[in-house]
Amino acid sequence: MKILVTGGAGYIGSHTCVEAIKAGHEVVVFDNLSNSSPESLNRVEKITGVRPRLIEADLLDRAAVKAAFDEQKYDAVIHFAGLKAVGESVAKPWMYYNNNLVSSLVLFDEMRAHGVFDLVFSSSATVYGDPDKVPLAEDAPLSALNPYGRTKLWIEDMLRDISAADPRWHIILLRYFNPVGAHESGLIGEDPGGIPNNLMPYITQVAVGKLKELTVFGNDYPTRDGTCIRDYIHVCDLAEGHISALNAIDKMPGCIPINLGTGDGFTVLELVHAFEKATGKPLPHKIGPRRPGDSPASYADASRAEKLLGWKTKRGVNEICRDAWNWQSKNPNGYK
Ligand code: NAD
Ligand code: UDP
């Protein structure tokens, strides 16, 4: 297949480019590099032998999006591009609605105008809001806790309406749980700018000596050790999930949400201890107050992905920690 990958230079996008190329697909990346480096694509080439073409442009630039579709006929689009920092979205909601929502509308409109109706969209478990019960199946109630989450929920809503109005669309909404880890080569991985907000990059930066210690946000939750539970999924498993979605999309008309998670939850302290085991050294950490807005537990019911896509995760927490550490220790400053 010929696939346009928006946001393909980013963390999940670059891993998906690797898996797509390995599966024999041709990928073209559309990315404005606002949160990524073109070096990630050089590394994709090192791993696969193929350098995906980069269209360096903004999805808000309709002429550039139109030109991309005028140039060649794509079989499908994987839409990763977007801003993803929850705290920043609270401080700058306008920026999030513009960059994530408006750009998505431009993309979907140009897809339609060019007769491209197969779409895999990066959604998130954030659309489940603060869940009442876990594991989370796709029919759980949806809500948003912040502007970032609202952009995911509204894009999902938009896509449900778009597909209801026109039966030519085949749309898969992939709801990611917590993507972590890196390609086993250590050549590509997560490269957050500034101080990371997320747990795994924070842990790896403490381990490599860039940050002093991890603060565990709260140990008084109603969980087995008092710290929050999340479903950490290896980014290569996640990337493979996208290839399975492309393989299945032909026989899936309409718009269907599918969780990509392991189905297992780990507490913050369990992840810290698994990481210590993988590196063979203690990870400095202390207990701090809760972070506002955190749910005690979130993990997937991953059965729909297995049933509809024939996909399930292959890698566990040990591989996650090993590969995250391999990437961080080989690239202490990311791609810089
Ligand atoms: P990332 O920031 O590494 O990648 C996103 C890419 O999109 C970047 O390369 C960025 O430069 C590009 N981009 C942003 N706005 C753009 C625009 N207007 N035009 C063109 N390119 C643009 O993020 P990621 O972690 O790889 O996430 C990919 C997608 O998955 C995002 O939509 C994110 O919301 C979603 N997601 C991520 C997580 C996670 O924890 N990483 C969890 C759930 C969902
Ligand atoms: N967390 C933490 N310290 C940190 C960052 C995160 O204890 O420095 C906790 C956080 O409270 C949550 C879990 O780690 O329970 C995962 O947080 P992350 O931000 O990675 O993902 P999300 O909360 O979006 O699922």
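One is the number of the first residue; the rest follow in order along the sequence. All ligand and atom numbering here is 1-based and tracks the order in the structure. This structure is a prediction, so every number in the text was calculated from the model and none was measured.
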Worksheet item: Which of the numbered atoms in ligand 1 are below 4.0 angstrom from a heavy atom of Pro179?
Response: 38 (C), 39 (C), 40 (O), 42 (C)
Practice prompt. Would you check whether Ser40 reaches within less than 4.0 Å of ligand 1, judged by its heavy atoms?
Written response: no
Discussion item. If the condition is salt bridge (charged side-chain N to carboxylate O under 4.0 Å, His left out), which residues does Asp70 pass it with, not counting sequence neighbours?
Written reply: Lys66
Fill in: Residues which pass salt bridge (charged side-chain N to carboxylate O under 4.0 Å, His left out) with Glu319, listed by chain and number, not counting sequence neighbours
none
Worksheet item: Is the shortest N/O to N/O distance between Ala81 and ligand 1 below 3.5 Å?
Response: no
Pairs under 3.5 Å, N/O atoms on ligand 2 and on the protein: can you put them in a table with the distances?
from     : atom 1 : to     : atom 2 : distance (Å)
ligand 2 : 3 (N)  : Thr215 : O      : 2.8
ligand 2 : 7 (O)  : Phe217 : N      : 2.8
ligand 2 : 11 (O) : Asp294 : OD2    : 2.6
ligand 2 : 17 (O) : Arg291 : NH2    : 3.4
ligand 2 : 19 (O) : Asn198 : ND2    : 3.1
ligand 2 : 19 (O) : Arg291 : NH1    : 3.4
ligand 2 : 19 (O) : Arg291 : NH2    : 2.9
ligand 2 : 20 (O) : Asn198 : ND2    : 3.4
ligand 2 : 20 (O) : Leu199 : N      : 2.9
ligand 2 : 21 (O) : Asn178 : ND2    : 3.1
ligand 2 : 23 (O) : Arg291 : NH2    : 3.0
ligand 2 : 25 (O) : Asn178 : ND2    : 2.9
ligand 2 : 25 (O) : Arg230 : NE     : 2.8

Worksheet item: In ligand 1, which numbered atoms sit nearer than 4.0 Å to a non-hydrogen atom of Ser34?
Response: 10 (C), 11 (O), 13 (N), 14 (C), 15 (N)
Worksheet item: Any side-chain heavy atom of Met158 within less than 4.5 Å of one from Phe108?
Response: yes
Worksheet entry | Proximal atoms of ligand 1 relative to Ser123 (non-hydrogen, under 4.0 Å) | 43 (C), 44 (C)
Worksheet item: Closest non-hydrogen protein atom to atom 28 (C) of ligand 1, residue and atom name please, with distance?
Response: Phe80 O, 3.6 Å
Discussion item. Name the residue from Thr313, Leu260, Asp264, Asn259 that meets the side-chain contact (heavy atoms from CB on, under 4.5 Å) definition with Phe177.
Written reply: Asn259
Worksheet entry | For Arg168, salt bridge (charged side-chain N to carboxylate O under 4.0 Å, His left out) partners two or more places apart | Asp166
